[in-house]
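Below is one structure, written out as structure tokens, with a few remarks after it.
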Amino acid sequence: MGRRHARCIVLRASQRLWAQKELNLNNFISLGLPSVLTDSLTAGGFTEPTKIQSQAIPKLMEGRDMMGIAQTGSGKTAAFGLPILAGILGLTGRPRPLTTRALILAPTRELAVQIDEAIRKFAGSKMKLDTVLLLGGVSRYHQVKKLERGVDITVATPGRLKDLMDDGKIRLNETRWLVLDEADRMLDMGFIAPVRAIAKAIGFKRQTMMFSATMAPEVADLAKSLLNEPVRVDASVAGSTVVKIDQRVILSGAKAKRGVLNELLASETEKMERVIIFARTKHGADRVAKNLEIDGHKAAAIHGNKSQNARQAALKGFATGDVRILVATDIAARGIDVPGITHVVNYELPDDPENYVHRIGRTGRNGASGFAITLCDGTERGKLRDVERLIRRTLPVSGDLHLANDTGVVEAPRSAYKKSGNGRPGPRSAKNPRTQVDRRSPAERRPFAEFGKEGAPKSQPHHQPSDAPRTRPAAEGRTRPEGQAPRGVRRDLETGKPMAPKVADGAGKPKQRWGKAQKDALRTGGRSNADRQRGRVA
DNA sequence: AAAAAAC
């Protein structure tokens, strides 16, 4: 009976599979894609378009330009890739030597590799397709060989592409499709000049697709000059994904972080199957990886000082499950799409608060849930506050501010990361020695969780008139010596009038960490980081 | 004072 029942289920499942194959029950068909592509999608197990795919594909098949607000994981690669593949299927003959029919630009090499792999997978084995991947860090030789024969699709990072353009190894005059992926990041990285040069080389007979996580003014500017009456598709999933990520903060002294991390990796409740650990600097990432190895954990590291081969190897080992721990700089904060990451650990807080959001977005993907654990020491309080302001919520904190202000003597007591809650130190015990001398002023001695609220930037009304005496609700009932300004209000030295608080116009927005002049120099000059450092006046 | 991207 049980057996027959089981067989019945098996039969039903196989019938469904058969029906799907036979009748090609693939919802991509309704989007107007040719059968060569839907067949390969079915074979790859893709039958259900994502939100952005069902919105974008029909419009792109009509030849419209597009501005897409979307992040990695939304399925945007297929959203622009499939219409391009469909367009190429409609062309006859081979691409001419030194030309490419489609050009896809990405900000980092890893991202370019991912896009290239995905597109070839969508095309499947039945479609004749010549592609080339143009990125730095590897020999130009094979890239040039492929270009000499002519290619259908080129995926590139701006530096190497511009390099090859200047050497006459690639001509863009026959390029019909241009994609700018992660445009916001490309601008942040100073690629505006090469991107414009590339677009100019292609000319106007093209279909342009631009994708960005945000619609910052610079992005809007670029979109205005590159896109022609674009369709706008918004597939930002801001709330829904973040909700599935369990975020928390553990206070820990800088030197105690190593011990805290080891405890986390060892603890059974955490079930850290695949974890990515973010460090702030390349050197920091190497150091964390080295310490993990010493402490008996197999780990790979990825950052910009590693060779392209080493970077690919690290990523591959992580994706295959060969190593369960990847230590990374913010090179991997965005775009890296390795499935099954259960935990993101911020060993150090990022300099750019936006990167916090991108980092934790490596987990909780495709409906899975994930954990994001941030280790925060005393010097990082400001950065944590910036993050909390950006995401507009206060993160649950455990651990001990005394430990966070650790200057190096304290070993992390278990209670620092086992206990969650009010952020106050647990009772003094052998395990929680609290031998640290507290060097803070009395005003600073408050539970750590309060720090995010200090100065209350998020409750400041944006439009508060600056010439009216400013009062904070919290200051009510508080007595002050005559003539002393309330805390948090700066007064003009001459007039004594209150000035606009520093944070008022930045509330809800991240602080600008680099001077505008430096960012501009980066944007326009296109010089290397090292050049920039050398050229700067000390 | 960082990271990314060209040799």
Side-chain angles (χ1 to χ4, degrees), chain A residues 72 104-115 133-141 143-144 155-170 180-198 213 276 278-288 301-308 310-312 315 327-336 346-356 358-359 379-380 382-383 386 510-519 521-538:
Chain A
T72 319
I104 300 162
L105 283 179
T108 66
R109 298 175 192 166
E110 275 67 27
L111 205 53
V113 171
Q114 264 178 208
I115 294 169
L133 189 54
L134 305 181
L135 33 79
V138 293
S139 160
R140 289 170 28 143
Y141 181 81
Q143 300 174 358
V144 171
V155 185
T157 49
R160 178 56 64 89
L161 174 63
K162 194 68 178 29
D163 185 20
L164 292 167
M165 273 169 69
D166 293 346
D167 284 0
K169 305 289 185 196
I170 181 170
L180 300 185
D181 202 6
E182 306 230 349
D184 50 340
R185 195 173 183 206
M186 232 157 349
L187 296 182
D188 281 349
M189 288 168 63
F191 285 144
I192 183 76
V195 164
R196 285 189 186 277
I198 289 160
I276 182 161
F278 283 102
R280 194 177 61 91
T281 64
K282 293 182 272 205
H283 183 245
D286 275 337
R287 201 174 48 228
V288 171
I302 184 167
H303 57 67
N305 272 5
K306 294 228 167 203
S307 75
Q308 194 54 34
R311 280 159 68 165
Q312 278 322 117
L315 213 49
V327 187
T329 59
D330 280 331
I331 189 180
R334 299 200 197 197
I336 298 297
N346 293 308
Y347 196 84
E348 292 157 320
L349 276 119
D351 279 327
D352 288 331
E354 294 99 331
N355 274 341
Y356 174 86
H358 294 298
R359 283 179 177 188
T379 65
E380 296 173 308
K383 288 177 190 169
D386 290 343
K511 232 191 285 173
Q512 187 168 14
R513 303 216 137 256
W514 280 77
K516 193 169 185 311
Q518 283 162 328
K519 275 203 166 171
L522 196 63
R523 231 188 282 283
T524 54
R527 292 189 298 166
S528 74
N529 213 12
D531 284 342
R532 207 160 46 83
Q533 306 267 348
R534 247 181 271 127
R536 198 187 303 157
V537 185

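As the structure is a computational prediction, the values presented were derived from the model and not from experiment. By convention in this document, chain letters (A, B, ...) are assigned in the order of the sequence lines, proteins followed by strands, and residues within each chain are numbered from 1.
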Review point. Think A:Arg311 has a side-chain N or O under 4.0 angstrom from the OP1 or OP2 of B:dA3?
Key: no

Practice item. Would you please confirm or rule out a distance under 4.0 Å between OP1 or OP2 of B:dA4 and any side-chain N or O of A:Thr329? Key: yes

Separation of [X] atom [atom1] from [N] atom [atom2], in whole Å?
X: A:Glu348; N: B:dA1; atom1: CD; atom2: C1'; result: 13 Å
X: A:Asp188; N: B:dA2; atom1: CG; atom2: P; result: 18 Å
X: A:Arg109; N: B:dA4; atom1: CZ; atom2: C1'; result: 9 Å
X: A:Met189; N: B:dA4; atom1: CE; atom2: C1'; result: 3 Å
X: A:Leu187; N: B:dA5; atom1: CG; atom2: P; result: 16 Å
X: A:Ile192; N: B:dA5; atom1: CD1; atom2: P; result: 18 Å
X: A:Gln308; N: B:dA4; atom1: CD; atom2: P; result: 11 Å
X: A:Leu135; N: B:dA4; atom1: CG; atom2: P; result: 15 Å

Check your understanding: Quick one: CD1 on A:Ile336 to CD1 on A:Ile302, what's the gap to the nearest 0.5 Å?
Key -> 5.5 Å

**Study point:** Distance, nearest 0.5 Å, that separates CZ of A:Arg311 from CD of A:Glu110
**Key:** 4.0 Å

Exercise for review: Check every atom of B:dA2, B:dA6, B:dA5 against the side chain of A:Ile331 and return the nucleotide holding the closest atom.
Suggested key: B:dA5

Exercise for review: Ignoring the backbone of A:His303, work out which of B:dA2, B:dA5, B:dA4 is nearest its side chain.
Suggested key: B:dA4

Point to revise | Shortest non-hydrogen contact from A:Pro107 toward A:Asp181 | key: CD-O, 3.5 Å

Check your understanding: Would you call A:Lys162-A:Asp166 a salt bridge at under 4.0 Å N-O?
Key -> yes

